[in-house]
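Numbered from 1 within each chain, the chains take letters A, B, ... in sequence-line order.
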2 protein chains.
Amino acid sequence: MGRDIPMDETALTDFPNDDASELSDFDAFHHRLRLSYAGLPRRLVQLADFVTREPDEVALGTVSSLAHQAGVQPSTVVRFARTLGFSGFSDMQAVFRDRLRLRNVTYKDRVSALHRGDGQPLEGATIFNGFFEAAMESLRALQSHLIPERLEAAIATLSAADCIYLLGLRRSMPVIRYLSYLLAKLDIRHQIIGLETGMEEESFTHAGPQDAAIVLSYTAYAPRTIELFRALEARSVPVIAMTDSAASPVIPASGLWLEVHEADFQGFRSNAASMVLVSTLAAAVAERRG
Amino acid sequence: MGRDIPMDETALTDFPNDDASELSDFDAFHHRLRLSYAGLPRRLVQLADFVTREPDEVALGTVSSLAHQAGVQPSTVVRFARTLGFSGFSDMQAVFRDRLRLRNVTYKDRVSALHRGDGQPLEGATIFNGFFEAAMESLRALQSHLIPERLEAAIATLSAADCIYLLGLRRSMPVIRYLSYLLAKLDIRHQIIGLETGMEEESFTHAGPQDAAIVLSYTAYAPRTIELFRALEARSVPVIAMTDSAASPVIPASGLWLEVHEADFQGFRSNAASMVLVSTLAAAVAERRG
DNA sequence: CACGGGATAGAACGTATATTCCCTAAATTC
DNA sequence: GAATTTAGGGAATATACGTTCTATCCCGTG
């Protein structure tokens with residue numbers, strides 16, 4: 001216990017800690033590592049990679065076990081520590097161990113910290129908790145309401161489509177953009193409806209039964225979305241709706257709709273469930289098309 | 001693959017036990033401890049209480065440090081281990097260390113377990129499960145890693161900012177767009193960096209210390225993001241990073257970064273955690289500004 | 001091609017740690 | 001109340017570990 005090494009306090013703390021966000025020793029270590037990484041010899045780079053990849057091993061292992069895993073000599077490990085400003089390996093390991101300790105401490109008290117209901121103005125942790133719960137709730141609801149057959153039908157329809165039109169305004173717009181991003185990456189032809197205001201109908205002048213559309217709309221359903229949805233149905237475009245109730249105005253005649261309940265927190269809808277479902281559709285269509 | 005357990009089973013357990021039938025060493029240890037607890041001598045009871053209360057100390061400490069903390073003699077610690085069926089203290093400690101190791105691997109391999117090796121096409125429900133699990137895992141990881149003080153510091157910085165610059169390319173772009181949408185709704189001045197390719201730097205020619213920036217980047221960090229991040233730092237723009245490791249190249253000198261691990265499924269990253277955190281930041285800043 | 005400097009590997013050293021043994025104290029039984 | 005058994009404390013011992021030193025190798029340089 002009696003570690004009489006002075007443990008060079010300045011070793012890691014001489015970095016600009018300007019403001020309230022104090023750099024943890026662990027972060028400071030990595031900061032230093034990044035700075036000197038470029039000029040490091042081969043074996044030390046090997047070690048640098050290893051310690052960033054397996055920080056837990058560093059905390060729990062011994063010099064020789066790490067040396068073995070990283071493919072270097074034990075003495076190199078010590079040299080690595082000294083190069084980074086520690087008095088020896090043990091000093092460096094202490095940083096990694098403290099991180100493990102700390103991590104589990106925050107894990108322990110986070111519940112009490114987050115659920116503080118003492119009427120104080122909303123602090124960050126409370127707001128986070130709200131969004132977190134909303135997302136979890138939405139995901140759970142999605143999982144329990146999802147009907148596999150419907151999902152399969154939706155995938156089949158989309159897979160057969162020539163071009164997939166995407167419709168979702170206001171709060172659903174970010175989800176649509178995300179879907180568009182996914183489809184682009186998967187090289188699936190698609191088109192967002194309504195990027196330019198007022199020109200929405202022009203987006204699907206050529207659309208027909210050979211295509212398909214995904215429509216997202218949650219209460220209160222944007223009137224413009226309903227309009228555009230009806231225009232799509234009028235053109236006999238097969239529509240897959242993602243909405244939150246059987247009474248929704250965007251449920252297609254085919255009955256092909258997927259139930260998604262987005263819990264909201266302070267008026268902001270967590271789009272977690274929509275994002276997951278939309279990812280599923282994109283990946284499944286890509287898979288189906290091969 | 002014997003794992004077709006519905007995910008809500010695993011959702012609430014603290015430790016990702018491989019299976020209900022196959023107890024982890026750590027759980028087995030506690031089971032044994034409970035059985036023999038009643039007939040234990042005084043000092044050993046003292047130790048039993050200590051190891052259940054502070055398992056991390058057992059994993060990280062030495063015989064004498066534990067003896068000191070528990071108020072017994074070092075030799076008693078060894079006797080304790082032997083009484084519980086270990087060959088010595090080190091054997092017992094190994095169990096506690098393995099537990100620490102396992103804790104942090106949880107989400108890594110779980111999703112990949114869904115990748116079917118038999119070459120069969122994945123059906124919709126399977127794909128959905130993958131994305132669903134990835135999202136849940138990301139959210140859980142976010143909750144356990146989030147440091148409330150850091151979050152507060154980030155909110156404070158953003159609240160004080162004149163204009164908030166948003167940076168995140170490729171896979172992070174959808175999240176940035178979503179954040180932009182939120183900020184627009186909340187009437188908070190902001191600017192996305194890099195909407196037009198090649199003209200990114202022009203987006204922040206007027207940026208300075210009075211502003212702030214949010215940078216999203218996950219492995220493998222897009223080189224262009226790193227470049228732009230450095231340019232921001234060079235202009236002394238306070239940067240808040242959302243990234244996945246202390247070794248990330250986009251961690252600002254201020255140390256103001258938030259840890260986010262996005263589990264991915266089939267190469268697609270669930271952005272669930274990022275979305276939740278980004279919503280939190282937007283709402284908290286709005287709240288702070290009143 | 002020769003030389004010098006630094007990086008690396010391997011071995012030797014000293015220390016800290018777990019372990020073991022033994023003695024003392026306490027408790028239980030005859 | 002004495003003897004025997006069991007728990008606990010303390011010190012000695014063995015081992016594993018980090019550290020340091022030195023010889024060798026590689027790479028760059030004159």
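- The neighbour count for B/Arg235 CZ, taken as heavy atoms of other residues, nucleotides or ligands under 6.0 Å away, is above 12.
- Between A/Ser64 and D/dA16, a side-chain N or O to OP1/OP2 separation shorter than 4.0 Å is absent.
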*asked:* What verdict does the salt bridge (charged side-chain N to carboxylate O under 4.0 Å, His left out) test give for B/Arg171 and B/Glu262, after you've listed the backbone C-alpha separation in whole Å, the side-chain angles of each residue and the deciding distance to 0.1 Å?
replied: CA-CA 11 Å; B/Arg171 302 210 269 184; B/Glu262 289 289 3; over 6 Å; no
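- Relative orientation of the A/Phe29 and A/Phe86 rings is tilted, given thresholds of 30° and 60° on the angle between their planes.
- Distance A/His68 NE2 to C/dA9 P: 14 Å, rounded to the nearest Å.
- A/Met92 has its CE atom 14 Å from the C1' atom of D/dT19, to the nearest Å.
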*Walk me through it: do A/Arg32 and A/Asp27 pass the test salt bridge (charged side-chain N to carboxylate O under 4.0 Å, His left out)?*
CA-CA 9 Å; A/Arg32 168 165 294 199; A/Asp27 291 347; over 6 Å; no
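- Remark: C1' of C/dT19 and CZ of B/Phe80 are 17 Å apart, rounded to the nearest angstrom.
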Pairs under 3.5 angstrom, nitrogen or oxygen only, protein versus nucleotides 7-10 of chain D, please.
{"from": "D/dG8", "atom 1": "OP1", "to": "B/Arg43", "atom 2": "N", "distance (Å)": "3.0"}
{"from": "D/dG9", "atom 1": "OP1", "to": "B/Arg43", "atom 2": "NE", "distance (Å)": "3.3"}
{"from": "D/dG9", "atom 1": "OP1", "to": "B/Arg43", "atom 2": "NH2", "distance (Å)": "2.9"}
{"from": "D/dG9", "atom 1": "N7", "to": "B/Ser75", "atom 2": "OG", "distance (Å)": "3.4"}
{"from": "D/dG10", "atom 1": "OP2", "to": "B/Gln73", "atom 2": "OE1", "distance (Å)": "3.3"}
{"from": "D/dG10", "atom 1": "OP2", "to": "B/Gln73", "atom 2": "NE2", "distance (Å)": "2.5"}
{"from": "D/dG10", "atom 1": "O6", "to": "B/Ser75", "atom 2": "OG", "distance (Å)": "3.3"}

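- Phosphate proximity of D/dT20 to A/Arg82: present, with a side-chain N or O under 4.0 Å from OP1 or OP2.
- Heavy-atom contacts from other residues, nucleotides or ligands closer than 6.0 Å to CZ of B/Arg230 number 12 or fewer.
- Defined by atom type and a distance below 3.5 Å, a donor-acceptor pair is missing between the side-chain atoms of B/Ser245 and B/Tyr218.
- Rounded to a whole Å, the CG atom of B/Leu40 is 16 Å from the P atom of D/dT6.
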